[in-house]
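Since the structure comes first, as structure tokens, the remarks are kept for the end.
Just so you know, residue 1 is the first one in the sequence shown, and it goes up from there.
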Amino acid sequence: MTRAPVLDGQETPRRRRSRLRRLVVRSARVVVLLVALLAALLGWTYVSAETDTAGKVAFERPLAIPPLAPSRVDDQGRRVFDLGLQQGSADLGQGQPTPTWGINGDYLGPTLRARRGEEVLVNVTNHVGEETTLHWHGMHLPARMDGGPHQMIAPGETWSPTWQVDQPAATLWYHPHLHGATADHVLRGLAGMFLLDDAQSRRLDLPHEYGVDDVPLVVQDRSFDDDGEMEEGARFLNTTGFVGDTVVVNGTVGPYLDVQTELVRLRVLNASNARIYNFGFDDDRTFAMVASDGGLLEAPHQTDRLLLSPGERAEIVVQMAPGEQTVLRSYPADLGSNFLTTRLAGGDDTLDIVQLRAAERLRQSPPLPGQLVDVPELDPAAAAATREFSLSGTQINGANMDMERIGETVALGTTEEWRVTNDDGQPHSFHVHDVQFQILDIAGAEPSPSLAGWKDTVLLRPGETARLVMAFSDYADPDRPYMFHCHLLANEDSGMMGQFVVVSPGDEAGSPPSAPHEHHG
Ligand code: C2O
Ligand code: CU
């Protein structure tokens, strides 16, 4: 390189070097500042994401009990219910009314109740002003009665599914299931319980007086803005969906329950969009879990914690002493994720749920039976097919939900094994329509007693595989699919859902009716 004569205003290599140095120092300062800002933002996000309401909830309102839905028997012997989906507003403790949706009321819906063997007919009329559906979660029924995304109900229309109840006594529930907006429709308040009874459940001496010693708990979390309106979105960086800071039980904020009997049975439903609850009592008392998603366990399971992911149910029986009080609480949960994901998904939260207040004199309850029901074991060796499902991002096996695509074809009358793996960094909860399954193993181990009965939804932590066995014994229909999906509703809405059909042996899958509007079963 030849050196040019030094002229005024021209750069010497030395000047160039020092200019470069200044530039480097300056941009390093900017980078440091940006990193500090980002760290501060992350730190603030992390710290502000924790909710702890232990001991801070006043419990000033009596727990609302969803009314039992009235029904009549029609000339064909069917038990008929009428459900109207409507807009409304409710007192959710914000000092002003909160705009809500509800079913035959302002928020949530009545409890439907039917016996095994009964034919039911439900007239579902949509007055919410936009299309929606109503799905019977946990119910074994024909796909066209299922209320999934293919059974849209247009505004003003009535959809009237009918089926025969043919499964063990259980605590089921219902909620909208349209593709892409399930999260919002459930969040606004469309959900309710569907209780099934059978000969065994009626014979057993379990607490069974609805609303007295047999109490539904529809547990949801919500957040509100300054106008008292419900917030709908997920918080910054959280991928599991909406997680709120206020617990609402049966539509009551800060609820207490007056207990009048020695034993009280709580039917707990996690009807939240994304929150995973780790239930226990504030005095760490033990309680007896007697039922899981699909029905009674073989025997009561004594425990002091109950983990429920969205969509899951459990029935527990709690013993109370005269005059005492205890608070059902949700404790921090091991979500199996890294610390940031866990924190943002609510895994570090402690939430007071409902206070139980025992009367000074309690009515005697019969002792809890030592044995409940026989749960016949499904045999994985008999599986006609084994399917593998990988959950990751918003996809199952690398594909997003497509209303036109039927991914799996199941032969009527067969048993199958489904291996479901969470290949993601966040928890997912896997739900299958039509059937109740049994968990062969999960995360390489036998299921705990709480997961050993009939299930339709299962929590999978990152890296975990569950082997599920299920029998497809009824209702072949090559054109009408059932769903399987993540029950974190935002994940489901963004595509973590697939479809299967049940066909007569030898048949092939057809195609879902292309018109998405199927107003009549
Ligand atoms: Cu609770 Cu496919 O839903
Ligand atoms: Cu998910």
Requested in this report: Taking side-chain contact (heavy atoms from CB on, under 4.5 Å) as the test, write out the residues that go with Pro478, two or more places apart.
Outcome: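 Per chain and number, Pro478 pairs via side-chain contact (heavy atoms from CB on, under 4.5 Å) with Val503.
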Within this structure, what is the [atom1]-[atom2] distance for the pair [X] and [Y], rounded to the nearest 0.5 Å?
| X | Y | atom1 | atom2 | answer |
| --- | --- | --- | --- | --- |
| Arg329 | Asn278 | CZ | CG | 12.0 Å |
| Ile396 | Thr421 | CD1 | OG1 | 12.0 Å |
| Met470 | Lys455 | CE | NZ | 13.0 Å |
| Met497 | Thr394 | CE | OG1 | 11.5 Å |
| Ser392 | Gln426 | OG | CD | 9.0 Å |
| Asn123 | Ser160 | CG | OG | 3.5 Å |

With side chain to side chain contact (heavy atoms under 4.5 Å, CB included) as the criterion, how do Val501 and Asp507 come out once you've worked through the C-alpha distance, each side chain's angles and the decisive distance to 0.1 Å? CA-CA 11 Å; Val501 285; Asp507 263 17; over 6 Å; no
To check you understand the geometry: which heavy-atom pair defines the closest contact between [X] and [Y], and what is its length?
| X | Y | value |
| --- | --- | --- |
| Ser337 | Pro427 | OG-CD, 3.3 Å |
| Thr182 | Asp493 | N-OD1, 3.0 Å |
| Pro380 | Glu417 | CB-OE1, 4.2 Å |
| Val186 | Pro176 | CG2-CD, 3.9 Å |
| Val219 | Ser272 | O-OG, 3.2 Å |

With sequence neighbours excluded, residues passing side-chain hydrogen bond (donor to acceptor under 3.5 Å, both in side chains) with [X]:
| X | result |
| --- | --- |
| Glu130 | His185 |
| Thr350 | none |
| Arg313 | His137, Asp456 |
| Asp74 | Arg78 |

### Message
If the threshold is 4.0 Å, N to carboxylate O, is there a salt bridge linking Arg115 and Glu118?
### Response
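Judged by the 4.0 Å cut-off on N to carboxylate O distance, Arg115 and Glu118 do not form a salt bridge.
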Which class fits the ring pair [X] and [Y]: parallel under 30°, tilted 30 to 60°, perpendicular over 60°?
| X | Y | value |
| --- | --- | --- |
| His487 | His485 | tilted |
| Phe194 | Trp136 | perpendicular |
| His175 | Trp173 | tilted |

Given 3.5 Å as the limit, does a donor-acceptor pair link the side chain of [X] with the main chain of [Y], or not?
| X | Y | result |
| --- | --- | --- |
| Asn491 | Ser494 | no |
| Thr133 | His177 | yes |
| Arg343 | Ala49 | no |
| Gln86 | Ile103 | no |

Do [X] and [Y] make a side-chain contact, defined as non-hydrogen atoms from C-beta onward lying under 4.5 Å apart?
| X | Y | value |
| --- | --- | --- |
| Leu196 | Leu172 | yes |
| Asp146 | Pro161 | no |
| Tyr277 | Val268 | no |
| Ser292 | Leu451 | no |
| Pro155 | Val128 | no |
| Val73 | Arg79 | yes |
| Pro149 | Met483 | yes |
| Val458 | Val420 | no |

Checking side-chain polar atoms at under 3.5 Å, does [X] have a donor or acceptor matched by the opposite partner on [Y]?
| X | Y | value |
| --- | --- | --- |
| Thr341 | Asn338 | yes |
| Asp245 | Thr51 | no |
| Asn126 | Thr132 | no |
| Gln499 | His150 | yes |
| Ser450 | Ser448 | yes |

- Query: Taking the six-membered ring for Trp, is the centroid-to-centroid distance between Phe389 and Phe484 below 6.0 Å?
  - Reply: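 Distance test on ring centres: under 6.0 Å, yes.
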Margin query: Which residue is it: Val247, Val249, Leu217? I am looking for the one with a side chain to side chain contact (heavy atoms under 4.5 Å, CB included) to Leu328.
Written below: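 By the side chain to side chain contact (heavy atoms under 4.5 Å, CB included) criterion, Leu328 pairs with just one of Val247, Val249, Leu217: Leu217.
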Give every residue pair that meets the salt bridge (Lys or Arg N to Asp or Glu O under 4.0 Å) criterion with at least one member in [range], sequence neighbours excluded.
| range | answer |
| --- | --- |
| residues 299-308 | Asp284-Arg305 |
| residues 164-177 | Arg116-Asp166 |
| residues 383-401 | Arg387-Glu408, Arg387-Glu416, Glu388-Arg419 |
| residues 428-450 | Asp441-Arg467 |

- request: Determine, stepwise, if the pair Asp348 / Thr342 fulfils side chain to side chain donor-acceptor pair (under 3.5 Å).
  value: CA-CA 7 Å; Asp348 294 334; Thr342 297; 5.8 Å; no
_Please determine whether side chain to side chain contact (heavy atoms under 4.5 Å, CB included) holds for the pair Ile65 and Thr111, giving the CA-CA distance in whole Å, both sets of side-chain angles, and the decisive distance to 0.1 Å._
CA-CA 9 Å; Ile65 305 294; Thr111 298; over 6 Å; no
* Contacts of His428 that satisfy ring pair (Phe, Tyr, Trp, His ring centres under 6.0 Å) - sequence neighbours left out ->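 Once residues adjacent in sequence are excluded, His428 has no partner under the ring pair (Phe, Tyr, Trp, His ring centres under 6.0 Å) criterion.
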* Residue pairs involving residues 448-473 (criterion ring-ring contact (aromatic ring centres under 6.0 Å, His included); sequence neighbours excluded) ->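 Checked against ring-ring contact (aromatic ring centres under 6.0 Å, His included) - neighbours excluded - the pairs reaching residues 448-473 are Phe472-Phe500.
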Under the side-chain hydrogen bond (donor to acceptor under 3.5 Å, both in side chains) rule, what pairs show up with a residue in residues 195-207, not counting sequence neighbours?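 Every side-chain hydrogen bond (donor to acceptor under 3.5 Å, both in side chains) pair that includes a residue of residues 195-207, provided the two are not neighbours, is Arg113-Asp197, Asp198-Ser201.
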query = Please walk me through it: do Val502 and Tyr475 pass side chain to side chain contact (heavy atoms under 4.5 Å, CB included)?
reply = CA-CA 7 Å; Val502 177; Tyr475 312 130; over 6 Å; no
Any chance you could lay out the side chain to side chain donor-acceptor pair (under 3.5 Å) test for Asp423 and Ser390, step after step, and finish with the verdict?
CA-CA 6 Å; Asp423 286 309; Ser390 158; 2.6 Å; yes
